Amino acid sequence: MAVEKQLEELEMVTVKFAGDSGDGIQITGDQFGNTTAIAGNDFSTFPDFPSEIRAPLGTTYGVSSYQIQFASKDIYTPGDTPDVLVCFNPAALKVNMGTVNKGGIIVVNEDEFVEKNLKKAGFESNPLDPNDTTLQDFRVHKIPITTLTLKALEDMKDFGHADKLRCKNFLALGVVSWLFQRPLEPIEKFLKKKFGKKPPILEANTRVLHAGYNMCDTMEIFPIMYKIPPAKLEPGTYRNINGALATSYGLLAAAEKIELPIVYAGYPITPASEVLHTLAALKQFDVAAIQTEDEIAAVTMALGASYGGSLGITGSSGPGIALKIEAINLAVMTELPLIIFNFMRSGISTGMPTKTEQGDLAMALFGRPSDSHLIVLAPESASDCFWISIEAVRLATKYMTPVMVLSEGFLINASEPWKLPDLDTIPEMKASFRTDPKDYLPYKRNKDTLARDWVRIGTKGLEHTIGGLEKINETGEISQDPENHDLMTRIRAEKVERVQNDIPDLEVLGDKDADLLLVGWGSSIGSMRASAEVIAKSGKKVAIINLRYLNPFPKNLEEILRSYKKVAVVELNLGQLNMIIRSKFMIDTSFLGRVTGQPISVVEMVDFINNELDLLKEH
Amino acid sequence: MAVEKQLEELEMVTVKFAGDSGDGIQITGDQFGNTTAIAGNDFSTFPDFPSEIRAPLGTTYGVSSYQIQFASKDIYTPGDTPDVLVCFNPAALKVNMGTVNKGGIIVVNEDEFVEKNLKKAGFESNPLDPNDTTLQDFRVHKIPITTLTLKALEDMKDFGHADKLRCKNFLALGVVSWLFQRPLEPIEKFLKKKFGKKPPILEANTRVLHAGYNMCDTMEIFPIMYKIPPAKLEPGTYRNINGALATSYGLLAAAEKIELPIVYAGYPITPASEVLHTLAALKQFDVAAIQTEDEIAAVTMALGASYGGSLGITGSSGPGIALKIEAINLAVMTELPLIIFNFMRSGISTGMPTKTEQGDLAMALFGRPSDSHLIVLAPESASDCFWISIEAVRLATKYMTPVMVLSEGFLINASEPWKLPDLDTIPEMKASFRTDPKDYLPYKRNKDTLARDWVRIGTKGLEHTIGGLEKINETGEISQDPENHDLMTRIRAEKVERVQNDIPDLEVLGDKDADLLLVGWGSSIGSMRASAEVIAKSGKKVAIINLRYLNPFPKNLEEILRSYKKVAVVELNLGQLNMIIRSKFMIDTSFLGRVTGQPISVVEMVDFINNELDLLKEH
Amino acid sequence: MSTTAETIKYKANDFKSTAEPRWCPGCEDYAILKAVQTAMAQIGRPSNEHAVVSGIGCSSRFPYYMGTYGFHTIHGRPLPIATGLKISNPELAVWVVTGDGDGISIGGNHLMHALRRNADITILLFDNRIYGLTKGQYSPTSEKGKINKTAPYGTIEEPADPTGLAIECGASFVAQISATYVKELVNVLVEAYNHKGTSFVHIYQNCYIYNNGAFDGFTERSIRDDNNIKVEHQKPLVFGEKNNKGLVMGYGKLEIVEFEPENVPDSVIIYDETDLSLVRMISDMKFPEFPVPMGVIKRVKSPTFDDAIHEQIESAKTKFKPDLEKLISSGDTWEVK
Amino acid sequence: MSTTAETIKYKANDFKSTAEPRWCPGCEDYAILKAVQTAMAQIGRPSNEHAVVSGIGCSSRFPYYMGTYGFHTIHGRPLPIATGLKISNPELAVWVVTGDGDGISIGGNHLMHALRRNADITILLFDNRIYGLTKGQYSPTSEKGKINKTAPYGTIEEPADPTGLAIECGASFVAQISATYVKELVNVLVEAYNHKGTSFVHIYQNCYIYNNGAFDGFTERSIRDDNNIKVEHQKPLVFGEKNNKGLVMGYGKLEIVEFEPENVPDSVIIYDETDLSLVRMISDMKFPEFPVPMGVIKRVKSPTFDDAIHEQIESAKTKFKPDLEKLISSGDTWEVK
Ligand SMILES: Cc1ncc(C[n+]2csc(CCOP(=O)(O)OP(=O)(O)O)c2C)c(N)n1
Ligand SMILES: Cc1ncc(C[n+]2csc(CCOP(=O)(O)OP(=O)(O)O)c2C)c(N)n1
Ligand code: SF4
Ligand code: SF4
Ligand SMILES: [Mg+2]
Ligand SMILES: [Mg+2]
């Protein structure tokens, strides 16, 4: 954002709200996102919060934030660094000021910058002091948000002081809305819906919203206001969606298509719980959403449902996924269509539970005893979670195999505009349950897919027993025959390989005729796309592929890889996909991996690409 | 064994005993092994039994067997296929006859070849029938073992019929002892020790043993007898050892050296239970061997002991190891010296629990959420289990990290002669617990090893809290700082990498100046060594390396790999080490992998090597 | 549920599989297998309407020998699998076979929560007070001091009491019976099946190989009548070889009285399987001071988990029409032209 | 254990860490933290002789705020970790902090088995009847019908009773207390520490954010005396705002009697924490029909797991000299020259 040039019209802007967990940061961000959507911009959001429920007021570790990038063009990431930072207290400033773009705008709630709070945040002196140089690179706007909020509500005698204070985020929202010339109606609508039954709260919030907006109009706090013209999005009806909703809706859509009820069993864990919550509230779609005693019960309950003939689904994050491994191997052995969502979070053990990472790919592929194969998929964006859910159901039921979806904490919480899908475009799928007892053998396989028959337990004449012991191919009788075990191990691998015939070829994104190909998956694709645009602007070229299918790989992957001078793998881990690509295709890749708990920044990726391009030139 | 040449002196022979689980096969085999040891041969054994406790009599799936190869030279495997097969019933013949070498000897208990048993075993006709051609390639010796046993004990009126029948394995042992001119004294000694307090049983078994032996002497059942001269083993005192004992003794030796008590917590599972049983009976060595409620409790109880300042150790097999994963990541995060034995068994899920495999390497390396690193070691033989245990303790305590030992079902049960170690040659090790409170920081690191200090909980002045959340390097305070998490993730990886400086370089075995290098680990090394000898005899060359250290690899691995024209990886899985070598060194390896639940056969490996050598010639 | 007409149609053999059981000769698992098949014949539903889910252990090999549907799962987890199956297929008769290790050691937590939930399934816990399949380690029900493979100096843990645990966890049906009581076992199994909700049947099962005679103290024919008491709803709590003993209520505690068989005193308690304090007292009786109770100890009506789930789904459907199109376009939407 | 001289040396603050607690304002975890520190001061052992092991949950953040040793482990597993620690370091005072989710849901099995084992550790279960850290899902102790994030139509499971469960599992010390009873809580903690064996303390803890007021029905000041009963060994079971009610033994059941405070009838039970049937009856009382018991409900002497392990080790040592050289060369050996 070229603030220093005082432009009225901008192509893209990143705004960040930050404050105490109790300051209503997430609501403020969400509402600003909504107005942005309605203004027709493309956008992408990044809610980021501490793992404490309500960390003590004013501490740096208690800071919650919400970043949003919006633009008059397609956008792929929530932005690296904010152009505008709105801080509700010194701690929020302390944590975030380092990231604000030079020349960027910082709006602070002046009222909070008192001795006690400054100390808590670790400031030696008051950065708002005229003589203080801490913020000299920014355009700082001090607004006494608290005072103004109380002022605006002065005459609401029956409305408590604490309640009044709780409205101050809407004053800030009014200010920012003015700055970007956003209409207030969508926010008013939201307030009406949320507080319709509590008139004083509705009244108070609406008032301070307008107060913030009007104040800017009158007082010329900002020398200028900005306009980000609508993006040229594909025509259609849009809504704002995050990954949790998209995942759930995708499952419902698939279940409706395949005409099966859902049994989703989960044990709460950040960030996976969101999907369990969503589905628990959508029981009318034939969903049994069950909170179990632990993750082992969750995966096995889902497996029991798959065995019975329903869509058995479970979801968790790192520590919980680890607990499901033994049962997943039972699903691989019994060849049942179990779907496992892994909403990856940051770090080993408890790590950084509210932060994101792509650390579980190697575990998804190899993290089970013995040679155990399943399908692995990864959505690239919040809205792609919808389609990945559908694909997971389609493949699991068609190939009678577990599917693991590697989703991410970041995608679950992030939101973006989503063009409502035409439900008729959802791929056909059918659960063709066996009913004919004639020549039925539990492990007899479909010639193409190698899938065994799915049987609705209870069907007359198909009584049989399955289990975790090795069994003879076709008959399914238990057996310790050496060659049979070798055969079955290879068949189980082959079955997953066959899925290659059933998935689309990769498309090269970015500049097809570049020398450098970036390979990535999941949320990194957003950063890669954004970086590719930056690179293109500088007259250079980079191509991109997105591995939504991580096991098996699409058929044309090898051909694509081999058609570039250099291949570089990008992911939020220390090199898991990279290892597989190197070993499988013997291609000496470059690698960019970061584990900071956050999406990879476009700046960092652009640097990396430039560096790779320079190296290519040298050779 | 060149039986057809009627040689008196042989270099090596493979004998197999097979019968019902209740036939005392394992004892027979063990005793024959003992006499073989005392005769000065090198040998290697392969006990193989069904997972049922007592499968119904006479069924093929209930067959238990014990194979032993012995020789006048160094020996590395229990032999591919028997030269001599002793069958206690038709089922044992049915299951094993296909594997006997052409011209080999088959001894059968004629008494059991009756209609009912033949049918149970799936024989259409009696293979002992003079006109039957089933066994035409073998020299079959029909002995009415049951009748002879009862006959020999006829006058023991007070000794029950069932008790008498239970002696018949010793008759067979007498027969085989005669065939290979083994002394009976060691067996008598064993019987005295075992049945000293039950004179009739002692008497009966001793009698039938001699009966079997003498009968052969008198009746010329076998036209010839064989002599396998003593092997030229290193001078010293030897004993027979299996992997379970060696593992346990190694732990005790390490504990004595480092002067720490052992807390070994486990949950029973085949084949890991053996070590728990052994240690539970050796409490006098300051061992708390605890059976927990499940594997999660086992690993966490061990971890609690490590945290306290003891040697916390746990062991399990596939399904149980899967359950320990979450806790192992806590150990990685808290940087505590936990030792995990994975006694690998065959197949995913319950699979084939009594059979062997090397299927858990990829899981050991990558099977935990996020980037999680630990040391991985693998013993190559039953006796090497002793040394690997010691090395595990040394490295875990020095580097403050979990160590996973990838042992195998096969090694646990297999036995071989073992030259008693000089306990003074056990490497020095010291648990240097921190006691000085000055400047103590929980995550401050040793400059060389990157290990943090181990603190005996209770020490004055060192109070601190650790846990699974990400923490700041050095101070150990919990933190969600992005760059700190990236740093800590890399430090944890680096710490394990540093172990490279502390482990011996690889030695090339076999023919150093070959073109082809075989890379393997664990029990496959035995088959590889044996194959290399066969290859050498045919005038060709193959080199071998044994990766006892699987993470990190020894420093000189790369140099060695690159100095051969062709590298081939051999393992009992579908290519796990292979994947890592390819990805790490970009070497286009060949691969031999088999998952039959049994060690790879020398014949198969020799074929593979010859084929690789042919390919090399072509190019 | 079955009509009487159907009830007579089946024989025990109709519930046999073609596989030959592979337990040790002498194992009481054979007797239980037979009893379950006999009970199923009495229940009168065809084999395809039953599913037997087991964990891992000797006992858990059970499904292979049944002609019904079967799932031999993993160690300790048959209960959540069975629950998932029941939710998916509410019409199915779902049976769980588990052991004292499978069900009380590694699977103890699932048992506790399954009993709280009360899905309509029938749990058979084969208690041989030992680990059979893994060859003789102690289990949570092994007596303190028992010498075995993992406790060569004797176990040092107090044994758990599966029946007491089930009652504590709120099980709506709890029975306890020895595999040696063939007829009673069949009856209990039929009652367990008939109960709507989770039925927990604790079966004493002798492991001939690793723990032979574990229950002789109270199941051996010659002494059992003095050491067992058959509990039955609305029947007096009388026992003894000559039916000459009974249980009466003391000051907050049960007491044994002796009498002439023909003169059962009024003070002898008439059993009430729905009276929770009495249920507790009966199950808390310590052997050998008191006899071991056999029969249905607790039975109360309680809504089932599977019903509750489906009721919530149905009630949600009446409140909100399941319209996917509408759901997806809920919230703020906007048009791009 | 401490001498009186030491006992007076410490202040609650000596057991504080420098880290600032990060619970929500209003959370009762603060009160428990204070109580534990106060109890430790009374116990009189220095901070390095205590270790606090916790699982995951709001409550499990506890160790960070203690100036003792601490281990914030993984969800549901603090008990085996604490047991391992105690076996390794028998002199240490080992405390476990767990939640209703951590200890009864995912960790329920470890609780059951830890109580059977009776290692000398002290378990504090913070029961807020909700999942705090993961933001408001139901827990195994949540009331049936409770509306929450994972049960928007209300939970359908019967709640578990931690106190009853502990008693069933053979715990040798069981107490139950509300975090609002500051003084009593400290007392109970000191008693729990003093008990040799596993002490289980069930603490009602209000979660201000997700389940505020959960215990108001019996902890709210104005009504609590009529809805609680303080149980104390050898003291009469009297309660009520005016000390005008008491518990007497009916026919196999407790009954409430009312009386004039000065005239406590003889029939009122004198509590006996070692009488297992009475213990059961007290813990089985259903609120609101009966008052909620507060205090030490059960305390019996029982050998500890850690002692037993070390005794077996010592007795093995007296039987077999630990001679490694000899062990390794045991069995048949032979010489090669
Ligand atoms: C995760 C896991 N841990 C351990 C085992 C090994 N295992 C199989 S059965 C069993 C216990 C069997 O005891 P029980 O449940 O009492 O059954 P029983 O054999 O006595 O009928 C054990 C420990 C396993 N298969 N899986
Ligand atoms: C294996 C695993 N599963 C799930 C979680 C997520 N999780 C953390 S705390 C918690 C429950 C907390 O509830 P409780 O134990 O009652 O503690 P409270 O927060 O209420 O004090 C859950 C489900 C986790 N950290 N690890
Ligand atoms: S080991 Fe015991 S329980 Fe298992 S089959 Fe044999 S007798 Fe039955
Ligand atoms: S969420 Fe509840 S239990 Fe957790 S800290 Fe806040 S008030 Fe306490
Ligand atoms: Mg058992
Ligand atoms: Mg809680």
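Just so it is clear, the model here is predicted, and its values are computed rather than measured. By convention in this document, chain letters (A, B, ...) are assigned in the order of the sequence lines, proteins followed by strands, and residues within each chain are numbered from 1.
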For the ring pair C/His50 and C/Tyr69, is the centre-to-centre distance below 6.0 Å? no
So that I know where these two stand, are C/Phe62 and C/Phe126 an aromatic pair - ring centroids less than 6.0 Å apart?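 Yes, they do, as the ring centres are separated by less than 6.0 Å.
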Count the heavy-atom pairs under 4.5 Å between each of [options] and chain A, then report the option with the highest count.
options	answer
C/Arg117, C/Met112, C/Lys319, C/His75	C/Arg117
C/Ser47, C/Ala51, C/Gly76	C/Ser47
C/Glu314, C/Lys337, C/Arg77, C/Met66	C/Arg77
C/Ile74, C/Leu79, C/Thr73	C/Ile74

Contacting moiety of [X], where chain C heavy atoms sit under 4.5 Å:
X	value
A/Ala327	both
A/Glu234	backbone
A/Asp294	side chain
A/Leu245	neither
A/Ile262	neither
A/Leu420	side chain
A/Phe190	neither
A/Lys189	side chain
A/Asp286	both
A/Ile290	side chain
A/Glu326	both

Residue C/Lys34 excluded, over 12 heavy atoms near NZ under 6.0 Å: no
Go through [options] and name the one with the most non-hydrogen pairs under 4.5 angstrom from chain C.
options	answer
A/Thr465, A/Leu469, A/Ile478	A/Thr465
A/Ser306, A/Ser310, A/Ala302, A/Pro186	A/Ser310
A/Glu293, A/Lys460, A/Lys283	A/Glu293
A/Gly304, A/Pro417, A/Gly309	A/Gly304
A/Ala288, A/Gly467, A/Gly40, A/Ala37	A/Ala37
A/Leu233, A/Val299, A/Leu260, A/Val263	A/Leu233

Check whether [X] gets within reach of chain A through its side chain, its backbone, both or neither, counting any heavy atom under 4.5 Å.
X	answer
C/Leu324	both
C/Ala82	neither
C/Ile313	both
C/Thr83	both
C/Arg116	neither
C/Ser17	neither
C/Asn89	side chain

Are any side-chain N or O atoms of [X] and backbone N or O atoms of [Y], one a donor and one an acceptor, separated by less than 3.5 Å?
X	Y	result
C/Tyr193	C/Met40	no
A/Glu463	A/Gly461	yes
A/Tyr267	A/Ser316	no

Using a strict 4.0 Å threshold on nitrogen-to-oxygen distance, state whether C/Asp307 and C/Lys196 make a salt bridge. yes
Flag side-chain contact, heavy atom, 4.5 Å: A/Leu441 against A/Tyr443: no
